[in-house]
Amino acid sequence: MRPFPRCVSGAAAGLVLLCGCADSPTAPAALVPAGELEAALSIAARLPTFPVLAARALEAAAGRGARGSVSDSIEAATRLLRSARDLALDAEAAADRAEAARLRREAYATGLAPLALLLDPAGVERAMAEATRWLGVAEELVGQAELPGTREALLAARALLRRARTAAAAGDHRAAVAALVVAADRLDETTPHSVLRRLLPELEAELAAQQRARGAMEDRRLERAGRLLRGAREAYDLGEHVLGLRRAYYARQLLRLLPPE
C-alpha cells in the first residue's frame, strides 16, 4: 500500500475519495463520499464472517430438511452450528475485547467443523469472492489513509485468502473454511465501524494532551479538532460510521498541523 497521497483519483478511488486535491486540510479532506459509497458499504456489510456463513449454512440445512429427512449427523451439526453462531454474535456485541476474543475462540472450536459440513464448496467460493472484493476496496480506500491497524490486517487477510484458495483447490474443504473465517475477521477490522472504534480513543487522547499542553492559550485549529471529534463520537454512537470516520480523520489532520509547543 502506498503512503497517503495528496489526491486520489481514477478507478481506484471510485467508491470513496481519501483526500481532497487541496494542500490545506481546511478543504473537505477526508473520506469524501462519492456516488458509489453505498455500494462500498454494502460490500463491507456482506463480509463472510462466521455468523454470516453460519446463517447461510443453517438456512441451507433448513431447506434440505423441509424437502425431506436429514441424517442424524446433519441434525447434530445444525445444533452445534446454531450454538456456535450465538457465541460469535455475543462476541461481536461484547464491549470487552478480551471477552470478545474468548467467545470467538469458543465459537470457532465448536462451530468450524459443523460449518464445513453444512457449507458446500459453492458457498465457500461465493464467500471467498465477497472477501476478495472488500479486500480490494479496503486496500485502495482505508489502507491508503494509514489508519490504525489496517495495514497489518489487510496483509494478513490477503495471505489467509490465498491459503483458503489453495486448500479449496486441494480439496481440503475444512481448511478452506477455517482460513476463510479468519480472513473475514481480519477484513472486518478494516471496515469503517472497526477503524473508527480504534481511531476515536487515540485521537481523543491526543486532543486532551494538546489541550493540557496549551493550557488557557486559544488555538482555533485545536478548537475545531475538538468539535470534529465530538461530532465523530456522536456519529459513532448513532451508527453513522462513515460520517464519523470522515470527521475523525479530518480532526487528525488538524491535530498533526498544530504548531509544537
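For CZ of Arg233, the number of neighbouring non-hydrogen atoms (other residues, nucleotides, ligands) closer than 6.0 Å is greater than 12. Within a 6.0 Å sphere centred on CZ of Arg163, heavy atoms belonging to other residues, nucleotides or ligands number 12 at most.
Note: Leu118 CG to Glu59 CD = 12.5 Å, rounded to the nearest 0.5 Å. For the atom pair CG of Leu58 and CG of Leu53, the computed distance is 11.0 Å after rounding to the nearest 0.5 Å. Annotation: the span from Thr110 atom OG1 to Arg85 atom CZ amounts to 14.0 Å, rounded to 0.5 Å. Considering CG of Leu135 and CZ of Arg133, their distance stands at 13.0 Å, rounded to 0.5 Å. For the atom pair CG of Leu200 and CZ of Arg252, the computed distance is 12.0 Å after rounding to the nearest 0.5 Å. Distance check: Leu229 CG to Arg224 CZ gives 12.5 Å after rounding to the nearest 0.5 Å.
Contact record, Ala168 with Met128: CB-CE, 4.2 Å, taken as the closest heavy-atom pair. Of all non-hydrogen atoms in Ala88 and Pro51, the two that sit nearest each other are CB-CG, 3.7 Å. Closest approach of Leu117 to Ala77, counting heavy atoms only: CD2-CB, 3.6 Å. When all heavy atoms of Pro48 and Ala127 are compared, the closest pair comes out as CG-O, 3.3 Å. Summarising the geometry of Leu81 relative to Gly111, their closest heavy-atom pair is CD1-O, 3.8 Å, with the distance given to 0.1 Å. Residues Ala232 and Leu196 share a closest heavy-atom pair of O-CD2, 4.4 Å.
For the residue pair Thr132 and Arg165, a side-chain donor N or O sits within less than 3.5 Å of a side-chain acceptor on the partner.
At a threshold of 4.5 Å between non-hydrogen side-chain atoms, the residues Leu238 and Leu243 do not count as touching. Between Ser71 and Ile74, the closest side-chain pair of non-hydrogen atoms falls below 4.5 Å. Between Arg104 and Phe50 there is no side-chain heavy-atom pair separated by less than 4.5 Å. Side-chain contact between Arg105 and Arg102 is present, with heavy atoms from C-beta onward closer than 4.5 Å. Within the 4.5 Å cutoff, side-chain heavy atoms of Leu222 are placed close to those of Leu255. You'll find the side chain of Leu160 stays beyond 4.5 Å of the side chain of Leu180, heavy atoms only. The side-chain heavy atoms of Pro114 and Thr78, taken from C-beta on, include no pair separated by under 4.5 Å.
Note on Val182: it does not cluster hydrophobically with Leu103, by side-chain heavy-atom contacts below 4.5 Å among ILVMFWY residues. In the hydrophobic cluster analysis, where Ile, Leu, Val, Met, Phe, Trp and Tyr join through side-chain heavy atoms closer than 4.5 angstrom, Leu112 is grouped apart from Leu87.
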Decide side-chain hydrogen bond (donor to acceptor under 3.5 Å, both in side chains) for Trp134 and Thr190; before the verdict, give the C-alpha distance in whole Å, the side-chain angles of both, and the deciding distance to 0.1 Å. CA-CA 9 Å; Trp134 174 252; Thr190 70; 2.9 Å; yes

Does Glu130 form a side chain to side chain contact (heavy atoms under 4.5 Å, CB included) with Leu47? I'd like the steps, not just the answer. CA-CA 6 Å; Glu130 290 168 339; Leu47 272 175; over 6 Å; no

Take Glu204 and Leu207, measure what side chain to side chain contact (heavy atoms under 4.5 Å, CB included) needs, and give me the verdict at the end. CA-CA 5 Å; Glu204 288 166 343; Leu207 174 68; 5.6 Å; no

Test Glu223 against Arg220 for salt bridge (charged side-chain N to carboxylate O under 4.0 Å, His left out), laying out the working first. CA-CA 5 Å; Glu223 292 173 0; Arg220 293 184 63 185; over 6 Å; no

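His173 contributes a side-chain N or O that, together with a main-chain N or O of Leu119, makes up a donor-acceptor pair within less than 3.5 Å. Side-chain atoms of Thr191 come within 3.5 Å of backbone atoms of Asp188 as a donor-acceptor pair (strictly under, hydrogens ignored). A donor-acceptor pair under 3.5 Å is formed between the side chain of Arg247 and the backbone N or O of Gly231. Remark: side-chain polar atoms of Thr49 are not paired, donor with acceptor, to backbone N or O of Asp185 under 3.5 angstrom. A donor-acceptor distance shorter than 3.5 angstrom exists from the side chain of Arg198 to the backbone of Glu189, with no hydrogens or angles considered.
Under a 4.0 Å N-O distance rule, the pair Glu234/Arg230 does not qualify as a salt bridge.
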